[in-house]
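Residue numbers start at 1 and run along the sequence shown.
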Amino acid sequence: MSFWGRRKALDALTHVDESRQLKRTLSWPHLVALGIGAIIGTGIYTLTGIGAERAGPAVILAFAACGILCVFAALTYTEMATLMPAAGSAYTYTYSVLGEGLAWLVGWSLILEYAVTCSAVAVGWSGYMVGLLESLGVHLPAWMISGPHGGGIINLPAVLITLAVTAMLARGAKESATLNIVLVAIKLLALAVFVGLTAPAIMPENFTPFMPYGFASHSVDGQVRGVMAAAAIVFFAFFGFDAVSTSAEEVKNPERDLTIGIIGSMVVCTLIYMIVAACAVGAWPFAEFATSGEPLAFILRGLEHPGAAFGIGAAAIIALPSVILVMMFGQTRVFFVMARDGLLPRSLSQLDAQRRGPLRLTFLVGGFVALVAGFFRLDQIAELSNAGTLTAFIAVSVCVMVLRRTRPDLPRLFRCPAVWIVAPLAVIGCLYFMISLPTGTLVRFAIWNLIGVGVYLAYGRRRSLLAQAGS
């Protein structure tokens, strides 16, 4: 079992074969936009309704709980990202600190975080597109707007938007990041309009009872309810800063830009989420919009703002693909580094000669995302991806603590404040969020990891570069 603990040398992270090294083209505005682009998305446009169904008006607390946990995690991520400015995020940090076996499991979990998240966003986008078309009098046949779970055959709009984003991402990192800035501006404008129209309509009685299902996650009439039940799914809305860290190898000034990108995007987005959620549940009874696939547009139509409802639906249709773009970007970079390390076929780490990007991987990931988006439900996808993300957060927090003990001499351009409080709280918080997930989700996550262990034992443990070097 010695292969399980093989570690990649820290200096090897930034000294790789030039033919397999990503080009530095990104600056801090790109990173902040990447973070906001990933964070502000399906979580607020679609999962607000699902969260309200589970927690009632206390969905505001669910967003706050997620934000607090993610700020703690973001602080640990920032220390690791500036200490190891290489692609791969949690996978890379774990490989150098905790060993190859755990790194593989973290990378395997990141597939759920990134690729599966892309699928969930695509399904959310499809809900807004279908709603917008219906408001225009265009009714698509049921078989093409839902997977088998909803009585259809395939969610075709979700598949098509995934393939369109894949084509965009294939053009290159800088081009994708620049487009993302434009899409982020559209999303923020749409949310500002929503707040401006719903704030005057807030009625105190809509907040009563504020916490109808209590705080802890528990079963009510066969359904999971409570603030933590809502937090366990809307946590899906806070993944963006992790995607920022995967771009470290392509950042011009990682010491400064990564700190601004990770922490800045996290704080801004938490405040936006809480404000929008408060306006949503205050302006309209939560039980009425909880089951809508486009809750914000639903509320605006109910308040007799059909033009604004159409606009926010259009903004979601235009801008939600930015989430797919950023998360797919993160997934390709994690896969790229795993392939470069030999844990996946090395051929997947070959870069396109013109764009210096992993073109083959981009198309492979795009196909997988489209497949999941076409056939699975939004809530199941989001919950499963949350489990993968929580695993990555735990790994990064542990890495920070281990390095503080084993390598206190390393120059840290950003030091996590009160690390022996922040990092343990991040680990405990992630574990609490994880046990708040439905039992079925945890079972599926365990099965996923068992498959991952099998793949590693069959391929990665013998084919990794460290294994080759030791043979």
Do the non-hydrogen side-chain atoms of Q331 and V369 ever get within less than 4.5 Å of each other? no

In chain order, what residues pass the side-chain contact (heavy atoms from CB on, under 4.5 Å) check against P141, with sequence neighbours excluded? W143, M144

Sequence neighbours excluded, which residues qualify as side-chain contact (heavy atoms from CB on, under 4.5 Å) partners of V419? V400, R404, C416, A423

Considering all heavy atoms of both residues, which atom of A297 and which atom of A309 are nearest to each other, and what is their separation? O-CB, 3.5 Å

Quick check: closest heavy atoms across V195 and C279, and the distance to 0.1 Å? CG1-SG, 3.9 Å

Partners meeting side-chain hydrogen bond (donor to acceptor under 3.5 Å, both in side chains) with S126 (sequence neighbours left out): N155

Before you tell me yes or no, could you show the steps for F335 and I111 under side-chain contact (heavy atoms from CB on, under 4.5 Å), namely the whole-Å CA-CA distance, both residues' side-chain angles and the distance that decides it to 0.1 Å? CA-CA 9 Å; F335 268 174; I111 297 174; 3.5 Å; yes

A side-chain contact here means heavy atoms from C-beta on lying under 4.5 Å apart; do M80 and T92 qualify? no

Hey, can you tell me if Y213 and F286 have their rings parallel, tilted or perpendicular (30° and 60° cut-offs)? perpendicular

Just so I know, are the side chains of F210 and L61 near enough to count as touching, which here means a heavy-atom distance under 4.5 Å? yes

Tabulate below the donor-acceptor pairs under 3.5 Å that side-chain atoms of residues 298-305 make, not counting sequence neighbours, or state none.
residue: R301; atom: NH2; partner: E294; partner atom: OE2; Å: 2.5

Nearest-0.5 Å distance that lies between atom CD1 in I394 and atom OG1 in T76: 11.0 Å

Over all atoms of both residues, closest heavy-atom pair of L69 and C430: CD1-N, 3.9 Å

L403 vs M84, test: side-chain contact (heavy atoms from CB on, under 4.5 Å). Steps then yes/no. CA-CA 12 Å; L403 278 185; M84 303 179 187; 3.7 Å; yes

From CZ (R333) to CG (L110), nearest 0.5 Å: 14.5 Å

Any side-chain heavy-atom pair of T162 and V372 under 4.5 Å: no

Please report the closest heavy-atom contact between S397 and V427, naming both atoms and the distance. CB-CG2, 3.7 Å

W108 side-chain N/O to W448 backbone N/O, donor-acceptor pair under 3.5 Å: yes

Has S96 got a side-chain atom pairing as donor or acceptor with Y93's backbone, closer than 3.5 angstrom? no

Point-to-point distance, once rounded to the nearest 0.5 Å, from CZ of F63 to SG of C70: 11.5 Å

Tell me every residue that passes ring pair (Phe, Tyr, Trp, His ring centres under 6.0 Å) with F207, counting only those two or more places apart in sequence or in another chain. none

Return the orientation label for the F393 and Y77 ring planes: parallel under 30°, perpendicular over 60°, tilted otherwise. perpendicular

Sub-4.5 Å side-chain heavy-atom contact between M401 and P424: yes

Please check if the number of heavy atoms outside I451 that lie under 6.0 Å from its CD1 is greater than 12. yes

Can you find a pair of side-chain heavy atoms, one from F310 and one from L136, that are under 4.5 Å apart? yes

Please confirm whether the backbone N or O of L296 pairs with a side-chain atom of W284, one donor and one acceptor, at under 3.5 Å? no

Work out which heavy atom in A55 is nearest to a heavy atom in V227; give both atom names and the distance. CB-CA, 3.9 Å

Nearest heavy atoms of F194 and I312, plus distance in Å: CB-CD1, 3.7 Å

V402 meets the side-chain contact (heavy atoms from CB on, under 4.5 Å) criterion, sequence neighbours left out, with V97, L98, V398, T406

Counting C-beta onward and ignoring hydrogens, is there a side-chain heavy-atom pair between N449 and S109 closer than 4.5 Å? yes

Please round to the nearest 0.5 Å and tell me the distance separating atom CD1 of I154 and atom CG of L160. 8.5 Å

Nearest-0.5 Å distance that lies between atom CH2 in W420 and atom CG in L425: 13.0 Å

For the CD1 atom of I161 and the CG atom of L156, what is their distance to the nearest 0.5 Å? 11.5 Å

Between T391 and M434, does the side-chain contact (heavy atoms from CB on, under 4.5 Å) criterion hold? Intermediate values first, please. CA-CA 9 Å; T391 300; M434 191 169 286; 3.6 Å; yes

